[in-house]
There are 2 protein chains.
Amino acid sequence: MTNGGALKELDETDHALLEAVQRDGRATLSDLAVEIRLSVSATRARLRALEEQRIITAYAAHVDPEAVGYALRAVVRMKVNGPLFDAEVATVLERHPQIVRCLRVTGESCYMMEIVATGLRDLEEITDDLAQIGPISTDLVYEVVADKPTPVP
Amino acid sequence: MTNGGALKELDETDHALLEAVQRDGRATLSDLAVEIRLSVSATRARLRALEEQRIITAYAAHVDPEAVGYALRAVVRMKVNGPLFDAEVATVLERHPQIVRCLRVTGESCYMMEIVATGLRDLEEITDDLAQIGPISTDLVYEVVADKPTPVP
DNA sequence: GATGAAACTCTGTATTC
DNA sequence: GAATACAGAGTTTCATC
């Protein structure tokens, strides 16, 4: 029987594997095997285990928003008065795929969102929608200074 | 000669390809070819072009921070008085891989950061370091409500 | 965890529309 | 620009040690 969920301690080799596959998600098993100094089959077994334990949650290509036409990136903070605005927020998130990230955080019931937009007009449309839910404050992003993978301690 | 950089209009097929490869970064060319209804060689040509134009910037595995021991996630906003604190910020980013994201934004010369930490003690160590650069405000993240790929318009 | 053989995938080149 | 086809190299998979 396969063990789909049980958490095991991650050893140094697992850490190296996670590090490698975050750096290059398209690396072949053979590449990874060389990197972590294991056979291909052992590498595959470990990678599978990490996937099945949902430690690796996905593999994805990164697309540069600017290169596909989003000249702007903004951070929007939104306060909500009541306790549960999950439904309203979910609706807006579904309506606007350009809200690429949304966090619910402490401090005056805030949501923090990251939005990509083709221009100010485009951004305004989304923020107008958000402002219906609660008071917002919008900051434009000058630069993504860092966007790093999860470190493996 | 190959065309490494020139920007071309992306058509529907390119959009479908970007969408597919963001959803599954490990999909084989054959998989992608089926999905976008093109031959393998045409699919490969388009994927190459997207990579060479730096529209696809990377492929990466996503690792769940919680699953590798980071119980906490925090958003830290930092104000800096002077104009260029890039060097100081770069140093802290290098010293703390747990600062997984850093944006430079409008509004009182702010940096916004996302940090993963094993606990409050761990988080405190990083925020103490940041507080040396400028005044900070820290919010804990209750929930990552959404983390979506770049939409292709 | 390693090995090796079979099946599959990728890459480059050539041909045709 | 795209489809088809072919071959060699590389990769994955699985049974076996």
Side-chain angles (χ1 to χ4, degrees), chain A residues 1-64 67-69 149 152-153, chain B residues 1-64 67-68 149-150 152-153:
Chain A
M1 55 171 170
T2 52
N3 184 339
L7 285 160
K8 297 186 193 81
E9 279 301 304
L10 300 178
D11 62 15
E12 276 310 303
T13 308
D14 289 317
H15 289 167
L17 183 51
L18 285 175
E19 207 265 311
V21 85
Q22 283 191 98
R23 218 178 36 236
D24 180 6
R26 290 225 114 177
T28 65
L29 281 179
S30 331
D31 293 338
L32 297 172
V34 170
E35 193 140 341
I36 68 173
R37 290 144 179 277
L38 238 52
S39 71
V40 169
S41 63
T43 304
R44 181 179 47 122
R46 278 173 184 264
L47 197 60
R48 259 213 212 310
L50 292 170
E51 289 165 0
E52 277 166 3
Q53 290 170 72
R54 306 251 62 197
I55 290 171
I56 294 174
T57 55
Y59 295 90
H62 290 188
V63 171
D64 179 4
V68 295
V152 274
Chain B
M1 59 171 166
T2 51
N3 184 339
L7 285 161
K8 299 186 193 80
E9 279 301 304
L10 300 178
D11 62 15
E12 275 311 303
T13 307
D14 289 316
H15 290 166
L17 183 52
L18 284 175
E19 207 265 310
V21 85
Q22 282 191 98
R23 220 180 32 237
D24 180 6
R26 290 224 114 179
T28 65
L29 282 179
S30 334
D31 294 337
L32 297 172
V34 170
E35 193 140 341
I36 67 172
R37 291 146 178 275
L38 237 53
S39 70
V40 169
S41 61
T43 303
R44 179 168 48 115
R46 278 173 184 264
L47 196 61
R48 256 212 214 309
L50 292 171
E51 288 166 358
E52 278 167 2
Q53 291 170 72
R54 306 251 63 198
I55 289 171
I56 295 174
T57 55
Y59 296 89
H62 291 187
V63 170
D64 179 3
V68 295
T150 306
V152 274

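So that the names make sense, note that chain A is the first sequence line, chain B the second, and so on, each numbered from 1. Only this structure's heavy atoms are used, side chains among them; waters, hydrogens and symmetry mates stay out.
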Worksheet entry | Residue whose closest nucleotide on DNA chain D lies nearer the 5' end, B/Ala45 versus A/Arg48 | B/Ala45
Worksheet, complete the sentence: Outer limits of DNA chain C sitting under 4.0 Å from a non-hydrogen atom of chain A, read 5' to 3', are C/dG1 to C/dT3
Response to the item:
Hits for side-chain contact (heavy atoms from CB on, under 4.5 Å) against B/Thr28, two or more places apart or cross-chain, chain-then-number order -> B/Ser30, B/Asp31
Practice prompt. Indicate yes or no: at least one non-hydrogen side-chain atom of B/Leu47 is less than 4.5 angstrom from one of B/Ile56.
Written response: yes
Discussion item. Distance check, rounded to the nearest 0.5 Å: A/Gln22 atom CD versus A/Leu17 atom CG?
Written reply: 10.0 Å
Practice prompt. Evaluate the side-chain proximity of A/Leu10 to A/Leu18: yes if any heavy-atom separation is below 4.5 Å, no if none is.
Written response: yes
Worksheet entry | Side-chain heavy atoms of B/Asp64 within contact of A/Arg54, under 4.5 Å | no
Worksheet item: To the nearest 0.5 Å, what is the distance between CG (B/Leu32) and CZ (B/Arg23)?
Response: 9.5 Å
Worksheet item: Can you tell me how far the CG atom of B/Leu50 sits from the CZ atom of B/Arg48, to the nearest 0.5 Å?
Response: 12.0 Å
Discussion item. Taking side-chain contact (heavy atoms from CB on, under 4.5 Å) as the definition, give me every residue that meets it alongside A/Ala45, ordered by chain and number, with sequence neighbours left out.
Written reply: none
Practice prompt. Using a heavy-atom cut-off of under 4.0 Å over every strand shown, decide if A/Arg46 touches base, sugar-phosphate, or nothing.
Written response: sugar-phosphate
Worksheet entry | Estimated bend of the helix from C/dG1-D/dC17 to C/dC17-D/dG1 (axis per five terminal pairs, rounded to 10 degrees) | 30°
Worksheet, complete the sentence: Rounded to whole Å, CG of B/Leu10 lies from P of D/dG1 at a distance of 14 Å
Worksheet item: Roughly how many Å is it from CG in A/Leu29 to C1' in D/dA9, rounded to a whole number?
Response: 17 Å
Worksheet entry | Heavy-atom check, side chain of A/Asp11 versus side chain of A/Arg46, under 4.5 Å | yes
Fill in: Where B/Thr43 and B/Leu29 come nearest, the two heavy atoms and their spacing
CG2-O, 4.1 Å
All N/O pairs under 3.5 Å across the protein-nucleotides 5-8 of chain D interface:
none

Discussion item. Does anything in residues 16-28 of chain A come within less than 4.0 Å of DNA chain C? Heavy atoms only, and list the residues if so.
Written reply: none
Worksheet item: Atom OH of B/Tyr59 and atom CG of B/Asp24: how far apart are they, to the nearest 0.5 Å?
Response: 11.0 Å
